[in-house]
**Q** 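Attaching a single structure in structure tokens format; questions to follow.
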Amino acid sequence: MIKKIILSSFFSTLVLTSVAKSEIKVGKGSLTFNAGINSQYISRGVDQNKDKVSPFVGADFTYPISNINFYVGAWTAAQDNVTGAGGQERDYYLGLNTTAGLATFDVGYISYNYPGAPTKDIKQYGEWYGKITLAPEKKPYTFGAAYYFDDTDGVKSRSEEHTSELQSRLH
């Protein structure tokens with residue numbers, strides 16, 4: 001009986017993992033999908049969903065150009081931090097990344113959108129970013145640094161604290 005429970009649990013985990021992230025080859029490129037549930041959606045130290053679970057779903061298209069990868073994607077999650085936004089955050093992004101030895105370099109732009117948010121709050125804003133990640137081979141750790149530059153030209157509002165983090169959904 002215990003063997004059946006263990007095998008059933010293993011099979012369920014295997015099936016759920018493959019459903020949560022899938023890939024479709026499109027010519028030289030690939031289209032990937034991801035979905036999941038966060039127990040909490042905390043971004044830059046701010047709770048985005050008031051201690052509630054936050055389901056998310058996303059899609060990315062990646063296309064290699066020589067030794068550089070071009071990517072474009074969209075991601076959405078439940079959030080309850082922006083008043084009137086209908087409980088949703090939608091992010092759209094694009095960028096370029098490449099790997100040289102242990103280092104991965106990534107530059108791009110991301111747009112954060114809160115459909116239905118009143119104009120007194122931020123309905124949409126964006127950031128340029130640059131990242132470097134060092135991942136020593138066969139080590140259980142990585143090192144990274146990132147720089148984000150918002151496109152609001154210094155215009156801040158009381159709702160700016162709801163900014164989202166790029167997270168690991170980008171490559």
**Q** Salt bridge check, E137 against K139: does any charged N sit closer than 4.0 Å to a carboxylate O?
**A** no
**Q** Apply side chain to side chain contact (heavy atoms under 4.5 Å, CB included) to residues K131 and Y148 and explain how you reach the verdict.
**A** CA-CA 9 Å; K131 299 188 314 180; Y148 296 88; 4.1 Å; yes
**Q** Would you call V72 and Y92 a side-chain contact if the rule is heavy atoms closer than 4.5 Å?
**A** no
**Q** Would you say I110 and Y129 make side-chain contact, with heavy atoms under 4.5 Å?
**A**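 In contact.
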**Q** The criterion is side-chain contact (heavy atoms from CB on, under 4.5 Å); which residues satisfy it with T99, sequence neighbours excluded?
**A** T104
**Q** Each residue besides V53 in its hydrophobic cluster should be listed here, by chain and number; the cluster joins Ile, Leu, Val, Met, Phe, Trp and Tyr at side-chain heavy-atom distances under 4.5 Å.
**A** I37
**Q** Does either side chain, that of Q88 or that of T76, offer a donor lying less than 3.5 Å from an acceptor on the other one?
**A** yes
**Q** Do the side chains of L94 and Y63 join up, straight or via other hydrophobic residues, at under 4.5 Å, putting them in one cluster?
**A**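 Same cluster: L94 reaches Y63 through Ile, Leu, Val, Met, Phe, Trp or Tyr contacts under 4.5 Å.
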**Q** List the atom of L102, the atom of P136, and the distance in Å for their closest heavy-atom pair.
**A**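 Looking at all heavy atoms of both residues, the closest pair is CD2-CA, 3.9 Å.
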**Q** Are E89 and F56 close enough that some pair of their side-chain heavy atoms sits under 4.5 Å apart?
**A** no
**Q** Tell me whether V57 shares a hydrophobic cluster with Y93, the cluster being built from Ile, Leu, Val, Met, Phe, Trp, Tyr side chains joined at under 4.5 Å.
**A**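 Different clusters: V57 never reaches Y93 through Ile, Leu, Val, Met, Phe, Trp or Tyr contacts under 4.5 Å.
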**Q** Could you tell me the separation between the OG atom of S30 and the CD1 atom of I24, rounded to the nearest 0.5 Å?
**A** 10.0 Å
**Q** Here's a test for you: under ring-ring contact (aromatic ring centres under 6.0 Å, His included), which of Y147, F149, Y109 qualifies with W128?
**A**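 In the set Y147, F149, Y109, the residue that makes a ring-ring contact (aromatic ring centres under 6.0 Å, His included) with W128 is Y109.
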**Q** Which heavy atom of V107 sits nearest a heavy atom of Y71, and at what distance?
**A**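 Taking V107 first and Y71 second, the nearest heavy atoms are O-OH, 4.0 Å.
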**Q** Just do the side chain to side chain contact (heavy atoms under 4.5 Å, CB included) check on N34 and D60 with the steps written out, would you?
**A** CA-CA 9 Å; N34 61 76; D60 300 301; 3.9 Å; yes
**Q** Answer yes or no: is there a side-chain heavy-atom contact under 4.5 Å between L31 and T62?
**A**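 When only atoms from C-beta onward are counted, T62 and L31 do not touch, as no gap falls below 4.5 Å.
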**Q** For the side chain of N97 and the backbone of F105, is there at least one donor-acceptor N/O pair under 3.5 Å apart?
**A** no
**Q** Under a 3.5 Å distance rule, please check whether T98 uses its side chain to pair with a backbone N or O of N67 as donor and acceptor.
**A**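 Yes, the answer is positive, given that a donor and an acceptor are paired below the 3.5 Å cut-off.
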**Q** So which atom in L96 and which in D106 form the shortest heavy-atom distance, rounded to 0.1 Å?
**A** O-OD1, 3.2 Å
**Q** Donor-acceptor pair, S54 side chain versus A77 backbone, under 3.5 Å?
**A** no
**Q** Determine, using ring centers only, whether Y114 and Y112 are less than 6.0 Å apart.
**A**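 Centroid distance Y112-Y114: not below 6.0 Å, so no.
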